[in-house]
Amino acid sequence: MPPQENTPDRPDSRENDERYDAQRVEQKWFERWQQDASLYAAEPDSRKKKYYVLEMLPYPSGALHMGHVRNYSIGDALARYMWMNGYNVLHPMGWDSFGLPAENAAISNNTPPREWTLRNIANMKAQMKRLGFAYDWSREVTTCLPDYYRWNQWFFLKLYERGLTYRKKSRVNWCPKCATVLANEQVVNGNCWRHEDTPVEQRELEQWFVRTTQYADELLRGLDRLEGWPDKVRTMQRNWIGRSEGTLVDFKIDGNAGSAGSTITVFTTRVDTIYGATSIQLAPEHPLVADFVRFNQPLGESVQKLIAEQRKAKEEGDIGEIEKHGVNTHRFAINPYNGEKVPIWIANYILMDYGTGAIMSVPAHDERDHDFAKKYKLEIRLVILPISNDPEETMAEPQLPFCSHDGMTINSGAFSNLRSDDAIQKMSAYAQEKGFGKATVTYRLKDWGISRQRYWGTPIPMLYCEKDGIVPVAEKDLPVILPDNVDITLTGGSPLGRVPEFVYATCPKCGGPARRETDTMDTFVDSSWYFYRYTDANNSHAPFDGKTAQYWFGERGIDQYIGGVEHAILHLIYSRFWTRFMRDLGMITNDEPAERLFTQGMVIKDGAKMSKSLGNVVSPDVMVARYGADAARMYSLFAAPPDRDLDWQDTGIEGIQRFLGRVYRFFVRNTKPADPAWRGPVPSDLSPEARAIQRKLHQTIKRVSDDFQGRWHFNTCISAVMELVNVLYAAEDAIARQAVPVPFLADVQRNLVLLLAPFAPYLAHELWEMLGETSNLLKAPWPRYDAELAKEEEIEIPVQVSGKLRSRVTVPAGATEAFVIEKALADEKVQAAVAGKQIVKKIYVPGKMVNLVVK
RNA sequence: GCCGGGAUGGCGAAAUUGGCAGACGCAGCGGACUUAAAAUCCGCAGGGCUCAAAAGGCCUGUGGGGGUUCGAUUCCCCCUCCCGGCACCA
């Protein structure tokens with residue numbers, strides 16, 4: 001007798017055939033997709049509606065993490081859905097591949113940054129392909145290659161031509177671990193954004209700045225129209241730009257004038273309180289302070305203390321908690337509104353880098369000034385009477401020594417008895433008329449410092465000539481190539497400065513010797529415009545062709561941008577700036593880079609962000625090897641709505657694996673493409689069992705389609721598809737009895753595959769083939785639902801008595817109110833509940849519920 | 001302090017317009033299949049009380065307190081806690 005294993009009709013063998021071998025199937029499709037490079041390619045086509053869906057490009061750190069998988073699973077599902085809906089979809093991917101980690105790796109493993117970076121890219125690209133993400137790799141952008149960064153340099157020259165970049169010596173943020181300067185946006189709570197335990201230092205350096213403030217107001221106003229962006233991001237950007245309307249007022253210094261002038265200009269948002277100004281407060285680093293010290297040497301020491309205090313607090317990130325200190329200069333300034341002499345103080349809570357670095361201190365109407373005045377016994381003078389809706393409160397409040405909100409002016413000379421807003425306007429106009437001030441706007445936003453004293457970045461295309469000074473590299477000489485084989489250390493300034501072949505150049509103006517700029521650009525320059533490069537990634541004459549970009553961007557930009565909220569300020573404000581800059585160069589016509597932005601939640605595990613130190617990192621490679629790419633992708637969409645944090649549970653992905661196996665098994669058992677009836681017409685009169693399936697199918701199509709259009713709650717989309725599969729399993733008996741017509745079942749299965757395609761592309765392609773379909777599933781038309789077919793024939797109506805659920809009655813879908821109420825009243829449980837009571841009101845919400853109110 | 005977001009079973013979550021709270025999944029329990037296990041399929045399942053048990057019945061329940069309403073996870077007011085952002089910004 002032959003060994004049992006070889007017996008073909010052994011029950012086990014059937015089970016083996018039914019079992020979904022994700023690795024085998026995914027490998028098969030992976031290989032097929034590799035062979036067709038043009039599968040996901042898109043070209044401008046005026047006959048088709050375009051859809052540009054973009055996930056933020058990753059830094060090639062070495063390997064994908066689950067956050068990437070989640071991000072790309074969302075984008076890929078959307079791209080596939082839009083393809084199936086007939087759109088011309090652009091779905092590209094690239095690498096934000098300049099940056100410090102490559103240099104750190106070079107130091108610790110003695111691997112050149114280029115090699116390290118390109119190896120990481122190769123690895124991560126392979127991971128993305130294995131995960132089945134549908135990217136058009138013919139448009140791949142790698143920012144560390146000269147093909148790309150030469151255009152950073154080109155843009156830099158354009159910025160320079162337009163006065164949008166300039167060189168300035170100033171105090172800048174310095175991270176000792178990165179050994180480079182940081183932009184304001186890269187300082188988090190006084191620490192480096194990459195080293196959260198490392199306070200930034202202030203250093204005096206000459207740096208290149210990009211004039212982002214030129215567009216401050218437009219960047220702010222633009223936010224109002226970005227309705228497709230999360231409120232959170234818009235609010236963060238508004239706060240960051242920090243627009244503040246106020247008034248500049250010149251106070252004349254009484255007595256000797258020093259080299260820094262004879263007036264102190266203060267900035268205030270509350271000029272209506274100026275009659276209550278009882279002192280002037282200067283920032284310790286205000287240029288006038290030196291003049292006062294010159295006339296009063298002992299002051300110098302106190303000022304040094306204040307400066308030290310303020311710097312320390314800034315570095316520690318608790319400038320907000322600093323104890324208020326000040327010194328009296330014993331000098332006076334004259335309030336131009338009333339001619340009053342007020343003392344000039346220097347205080348540690350006044351910041352030189354906001355407003356003018358000088359304020360008028362109004363203790364009665366500003367909390368900080370109030371604290372300060374109490375401490376140093378300065379006069380507190382009430383000049384605003386609060387207005388309240390409550391007359392009693394209005395009467396009571398003037399007794400208070402302090403009120404920070406607006407009201408009616410009092411004790412304010414010709415400007416008394418005005419509402420605050422009115423007073424502000426009149427008093428600003430008066431200042432302007434008399435020439436001692438004007439209405440103005442200040443911003444918190446500062447110009448973007450883009451110089452980095454690092455190697456692995458875009459060389460800034462500038463030269464310093466002894467004769468001609470700062471000279472831009474000629475456009476024809478671009479790119480300025482970043483040399484290989486550079487000695488990298490994290491100390492001692494820009495590594496490029498140690499490469500003589502790089503540094504010594506010829507001045508394009510006079511032909512004499514010149515030094516090259518040895519700093520490189522902030523990598524956020526690279527990511528400020530990369531999505532335009534995708535439209536024309538292989539262009540060697542320009543960053544991109546205008547017409548091509550116009551097709552993909554149109555007037556509204558990227559249709560859907562998806563990424564992490566950590567870029568809410570950095571990347572997303574720089575790229576909004578860059579878009580306006582390019583628009584003003586005439587390269588594009590859109591004002592904003594992206595019409596819609598989606599910020600997905602983090603992937604966490606055991607309640608904490610995944611990190612090596614906590615040992616709770618889940619590797620996508622392990623998940624793909626264990627459960628398959630479809631399961632990993634689908635679970636990352638199923639476990640939570642995409643905008644919320646996702647708590648990764650290994651047992652959860654097992655559930656998805658089971659579900660995929662369940663779908664596959666159903667298809668193995670019930671797919672009969674050889675049956676002549678398989679492709680026959682779907683009969684119109686269906687059995688109740690078949691009708692139940694049909695109803696569920698159309699309900700599911702509706703739910704999934706609606707979610708793609710609106711809420712993006714892919715977790716519930718997937719639940720809906722699971723419910724449909726459960727209904728199919730429940731009908732297996734009916735199918736066995738042939739109560740479900742074969743062509744109908746075939747149609748249901750085709751629709752099920754289409755519904756699955758955005759979420760589990762590998763399995764969907766396999767099933768599509770099993771069904772005998774030969775068309776390209778990627779572009780197969782998305783199913784349409786029929787509202788009539790989705791309707792229930794009978795509905796169960798809950799019956800409440802005085803708001804409490806007492807029973808349920810089953811009625812035909814179109815039943816009249818009278819019929820439903822009659823049926824409810826006839827119900828035994830309802831009768832018991834209303835027995836002996838009077839029904840005072842009968843409420844019927846059509847199709848939803850009955851409520852009988854009793855007394 | 002200010003601005004966002006959140007709090008629902010043992011767990012992840014659902015309830016789209018004020019109308020059956022807990023869909024779907026995980027973990028759990030029970031059954032079928034199996035010599036057995038795995039896999040698979042079917043079923044049960046918020047909590048409490050009642051009943052010998054089951055069926056059933058009753059009460060209660062969406063962070064806490066109040067309100068509007070026939071009816072509130074959903075709307076309004078107050079409060080607590082958690083997460084994120086901003087913060088002497090004049």
Side-chain angles (χ1 to χ4, degrees), chain A residues 11-12 15-16 18-19 188-189 230-236 238-240 242-244 246 266-270 273 281 283 313 318-324 347-351 353-362 366-369 371-372 442-444 565-566 568-569 601-602 635 638-641 643-656 658-659 661-662 665 703 706-707 710-711 713 715-723 726 729-730 732 796-805 807-808 829 832 840-854:
Chain A
D12 272 7
E15 268 179 32
N16 285 338
E18 287 188 359
R19 188 158 169 191
V188 180
N189 290 328
D231 284 341
K232 181 182 177 160
V233 172
R234 294 203 282 170
T235 305
M236 283 167 74
R238 277 194 194 100
N239 289 342
W240 188 260
R243 183 179 199 272
S244 180
V266 303
F267 172 73
T268 177
T269 55
R270 292 292 306 274
T273 65
Q281 304 288 343
D318 56 0
I319 185 81
E321 272 99 72
I322 194 170
E323 202 193 321
K324 291 179 185 55
N348 65 351
Y349 71 97
I350 308 301
L351 307 168
D353 57 9
Y354 185 79
T356 59
I359 64 150
M360 61 176 201
S361 178
V362 185
D366 181 283
E367 204 177 323
R368 297 153 298 176
D369 296 345
D371 293 348
F372 193 85
T442 43
Y443 296 92
R444 210 185 78 106
V565 75
E566 65 273 17
I569 294 178
M602 278 192 306
Y635 177 66
F638 175 71
D643 51 341
R644 271 212 243 169
D645 284 355
L646 183 159
D647 192 12
W648 190 274
Q649 297 183 349
D650 284 350
T651 52
I653 190 172
E654 279 173 29
I656 296 293
R658 270 201 285 269
F659 167 71
R662 197 166 148 87
R665 259 190 308 282
R703 280 183 69 181
D706 286 354
D707 252 304
R711 300 192 310 164
H713 279 197
N715 53 332
T716 56
C717 289
I718 294 169
S719 299
V721 178
M722 286 173 170
E723 284 181 48
N726 290 347
Y729 266 84
E732 275 207 309
E796 212 182 39
I797 302 282
V799 184
Q800 295 183 344
V801 176
S802 290
K804 284 200 174 172
L805 181 69
S807 187
R808 294 183 176 88
K829 290 178 194 166
V840 294
K841 207 168 178 185
K842 296 170 191 164
I843 295 156
Y844 176 61
V845 183
K848 298 272 186 183
M849 68 166 335
V850 172
N851 191 4
L852 304 169
V853 186
V854 295

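Throughout, a chain's letter reflects where its sequence line sits, starting with A, and its residues are numbered from 1.
Y354(A) contributes atom OH, which lies 10.0 Å from atom CG of L351(A) (distance to the nearest 0.5 angstrom). With rounding to the nearest 0.5 angstrom, the CD1 atom of I656(A) is 6.0 Å from the CD1 atom of I718(A).
Counting to the nearest Å, the P atom of G71(B) and the NZ atom of K842(A) are 18 Å from each other. Rounded to whole Å, the distance from CG on D643(A) to C1' on A13(B) is 13 Å. A straight line from CG of D366(A) to P of A90(B) spans 9 Å, rounded to a whole angstrom. Spacing between atom NZ of K804(A) and atom C1' of A21(B) amounts to 16 Å, rounded to whole angstrom units. Atom CG of L805(A) is separated from atom P of A21(B) by 6 Å (rounded to the nearest Å). Rounding to whole angstrom units, CZ of residue R238(A) and C1' of G85(B) are separated by 14 Å.
Nearest nucleotide to the side chain of T651(A), out of A27(B), C89(B), G25(B): A27(B).
In terms of the side-chain hydrogen bond (donor to acceptor under 3.5 Å, both in side chains) criterion, R658(A) has no residue partners (sequence neighbours excluded). Taking the salt bridge (Lys or Arg N to Asp or Glu O under 4.0 Å) definition, one finds that E723(A) meets it with K696(A), R703(A), sequence neighbours left out. Residues passing the salt bridge (Lys or Arg N to Asp or Glu O under 4.0 Å) test with R444(A), sequence neighbours excluded: none. By the ring-ring contact (aromatic ring centres under 6.0 Å, His included) test, F372(A) is found to be paired with W345(A), Y349(A), Y376(A), residues two or more places apart in sequence or in another chain being considered. Checked against ring-ring contact (aromatic ring centres under 6.0 Å, His included), F638(A) has no partners two or more places apart in sequence or in another chain. A search for ring-ring contact (aromatic ring centres under 6.0 Å, His included) contacts involving W240(A) returns nothing, not counting sequence neighbours. Taking the salt bridge (Lys or Arg N to Asp or Glu O under 4.0 Å) definition, one finds that D231(A) meets it with R234(A), sequence neighbours left out. Take D353(A) and apply the side-chain hydrogen bond (donor to acceptor under 3.5 Å, both in side chains) test, not counting sequence neighbours, and it matches no residue. The salt bridge (Lys or Arg N to Asp or Glu O under 4.0 Å) check on D707(A) picks up R711(A), with sequence neighbours excluded.
When heavy atoms are screened at a 4.0 angstrom cut-off, G242(A) is found touching no nucleic acid atom at all. Using a 4.0 Å heavy-atom distance criterion, L852(A) is classed as making no nucleic acid contact.
U60(B) and G6(B) have their P atoms separated by 30 Å, with the value rounded to a whole Å.
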Is there any protein nitrogen or oxygen under 3.5 Å from a nitrogen or oxygen in nucleotides 14-19 of chain B, and what are the pairs?
residue : atom : partner : partner atom : Å
A14(B)  : OP1  : N715(A) : ND2          : 2.9
A14(B)  : OP2  : R644(A) : NH2          : 3.0
A15(B)  : OP1  : R711(A) : NH1          : 2.7
A15(B)  : OP1  : R711(A) : NH2          : 2.7

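Residue order along RNA chain B, read from the 5' end via each residue's closest nucleotide, puts E654(A) first among D371(A) and E654(A).
For G5(B), the OP1/OP2 oxygens have no side-chain nitrogen or oxygen of K232(A) closer than 4.0 Å.
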| task | Produce a footprint string for nucleotides 41-49 of chain B: one letter per nucleotide, 5' end first; B if the base is under 4.0 Å from any protein heavy atom, S if only the sugar-phosphate is, - if neither. | result | SS-------
| What would the secondary structure line of RNA chain B be in dot-bracket form, counting Watson-Crick and G-U wobble pairs under 3.5 Å, with [ ] for pairs that cross earlier ones and | for pairs with another strand? | (((((((..(((......[....))).(((((.......))))).(((((.....)))))..(((((..]....))))))))))))....
